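Just so it is clear, the structure is predicted and the values come from calculations on it, not from any experiment. We name chains A, B, ... by the order of the sequence lines, and we start the count at 1 in each one.
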2 protein chains.
Amino acid sequence: MQKYSKQTRVLLAVDCIIFGFDGDELKILLIKRAFNPEKGNWSLMGGFVQTDESVDQAANRILKDLTGIEGVYLEQLYTFGDPHRDPTERTASVCHFALVDLNKYEAQLSNDYHAEWFPLKRFPKLIFDHNDMVEMAKKRIRYKAAFHPILFELLPDKFTLPQLQNLYESVYNTTIDKRNFSKRVLATGLLIKLTEKDKTGSKRGAFFYRLNTQNYYAKFQAFLNFIPNPDTLRY
Amino acid sequence: MQKYSKQTRVLLAVDCIIFGFDGDELKILLIKRAFNPEKGNWSLMGGFVQTDESVDQAANRILKDLTGIEGVYLEQLYTFGDPHRDPTERTASVCHFALVDLNKYEAQLSNDYHAEWFPLKRFPKLIFDHNDMVEMAKKRIRYKAAFHPILFELLPDKFTLPQLQNLYESVYNTTIDKRNFSKRVLATGLLIKLTEKDKTGSKRGAFFYRLNTQNYYAKFQAFLNFIPNPDTLRY
DNA sequence: AAAATAATTGTATGATAAACACTAAATATG
DNA sequence: CATATTTAGTGTTTATCATACAATTATTTT
């Protein structure tokens, strides 16, 4: 079949903002770029879409190749298409974000992949427009987590209510009343209380919970609104 | 500067779902494709991103060139990147959606551009993956309009409360109590009542309102939730 | 045994959403 | 000109949900 003549072809890249939670604050995973231009500078995980793969497949492959991470929450965020965003050659980047259990991958990541976790509140200047990408991802995760239970993706399979509350407080940079938090969270029917306790965080120990995965998928679309002041949020 | 060798270059397209409201139901604007493949079949408004323009600029240009429409609400939706979505040649499409005042453009569109409005509930089969795009746009507009006052973009500058309610009822395929609707909508402070009445729709006539644009931008992020049953919605 | 630490739990109040039906204004009709 | 017709406009009550707020329990450490 005849091709579309006279049209410019461009490189198609995928970049990923990988979020993790260390129990205290949100972090993102960065890597030192291995090739020119900007070799040695901090960058998001990224790569080019290959001939035979879809954009989604490319995102998953890049995540796996560069970090070993697979099977995690991954969502398309936005396509950045300024003609000069990469000075080398015109490249459009389909930006994604991922949510992972940081503790599960910590050692593997620094040893095998030389990737590093940085606090979302203070991380180095990134190449190209990657700082804009992080900014947008940060807004999106706050927006989406206000209505959908995506933050569970950042926790281990077993977690405690104080841990969960820490996560919400950290994402929204606020404090939430313990009693109201547990009431609302338990009312969703998304949590199953286990008999086991986590004794690492306190003397008394806090009960572990796990996700009711059935309800998780069923209720994914309708969750909670934990935003203290939605007016300050932007999509 | 050296180029990235060994990487595949692809065509980068932009497609637009253009939504309009005729007072009764939601419609989308379609065009008969002017070139092969699929020449003569119904298609979304689309075109290729040019060398010197960003993706956003391309979306605006395509909208203007193919419909004459400019200065309307336009938002990036999703990038479709299946390697075989266009059989001719690999093409990624950054899909957008636009919201326009249908009555403002109706004549101009059919005469000058041979574009046609189709009800969102029954429109022809489209080329490639354009049907998937429309499906996603439909979900997105419902999702977003539940929290942000974007539907005003579909109405003329002056509109009545019954018109506005019709629009919401049509988008969510539901019925809303008049009293509760007007209470909530007026409580937002987004509407300014005019002295003039619209007499075309009824004997008594309904007062016109216009947007308080200051408040519109200020409160864009925090609006209302008109979804009758959010569980049924998907992002 | 007492102190320290963090987890767990309930109630009262205010705000918001939902249910519900009649009156008012204007035109059309006999 | 009186009456009928049509759609616009408006208030109250009730139920639900969000918020504010503090004492007790379990366990470990001293």
Taking atom [atom2] of [N] as reference, at what distance in whole Å does atom [atom1] of [X] sit?
X        : N      : atom1 : atom2 : value
A/Asp177 : C/dG14 : CG    : C1'   : 16 Å
A/Asp198 : C/dA7  : CG    : C1'   : 11 Å
A/Tyr209 : C/dA7  : OH    : P     : 12 Å
B/Gln163 : D/dA8  : CD    : C1'   : 13 Å
A/Phe208 : C/dA7  : CZ    : P     : 12 Å
A/Ile176 : D/dC21 : CD1   : P     : 16 Å
A/Leu186 : C/dG10 : CG    : P     : 12 Å
A/Arg179 : D/dT25 : CZ    : C1'   : 15 Å

OP1 or OP2 of C/dA18 under 4.0 Å from side-chain N/O of B/Arg184: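 Checking C/dA18 against B/Arg184, a side-chain N or O does come within under 4.0 Å of OP1 or OP2.
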B/Tyr73 and B/Glu75 side chains, donor-acceptor separation under 3.5 Å: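 The answer is yes; a qualifying pair exists.
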Donor-acceptor pair under 3.5 Å, B/Lys183 side chain vs D/dT12 base: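 Flag set: donor-acceptor pair detected.
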Heavy-atom donor-acceptor pair, B/Arg204 side-chain to C/dA26 base, under 3.5 Å: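 Result: no qualifying N/O pair found.
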Given [options], which nucleotide is nearest the side-chain atoms of [X]?
X        : options                : answer
A/Phe207 : D/dA22, C/dT8, D/dT10  : C/dT8
A/Lys197 : C/dA18, C/dG10, D/dA26 : D/dA26
B/Ser202 : C/dT9, D/dG11, D/dA8   : D/dA8

Nearest-nucleotide comparison on DNA chain C, the residue closer to the 5′ end among A/Leu161 and A/Lys203: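 In this pair, the answer is A/Lys203.
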Side-chain touch B/Glu70/B/Asp65, heavy atoms, less than 4.5 angstrom: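 They are not in contact (no side-chain heavy atoms under 4.5 Å apart), so the answer is no.
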Residue pair A/Phe21 / A/Leu155, side-chain heavy-atom distance below 4.5 Å: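 Yes - at least one pair of side-chain heavy atoms lies under 4.5 Å apart.
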Salt bridge (charged side-chain N to carboxylate O under 4.0 Å, His left out) between A/Glu25 and A/Lys121, worked out: CA-CA 9 Å; A/Glu25 58 179 346; A/Lys121 283 188 179 153; 5.5 Å; no
Whether over 12 other heavy atoms sit under 6.0 Å from A/Lys32 NZ: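 12 or below, so no.
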Sugar-phosphate, base or nothing in reach of A/Lys178, heavy atoms under 4.0 Å: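 Contact class for A/Lys178: base.
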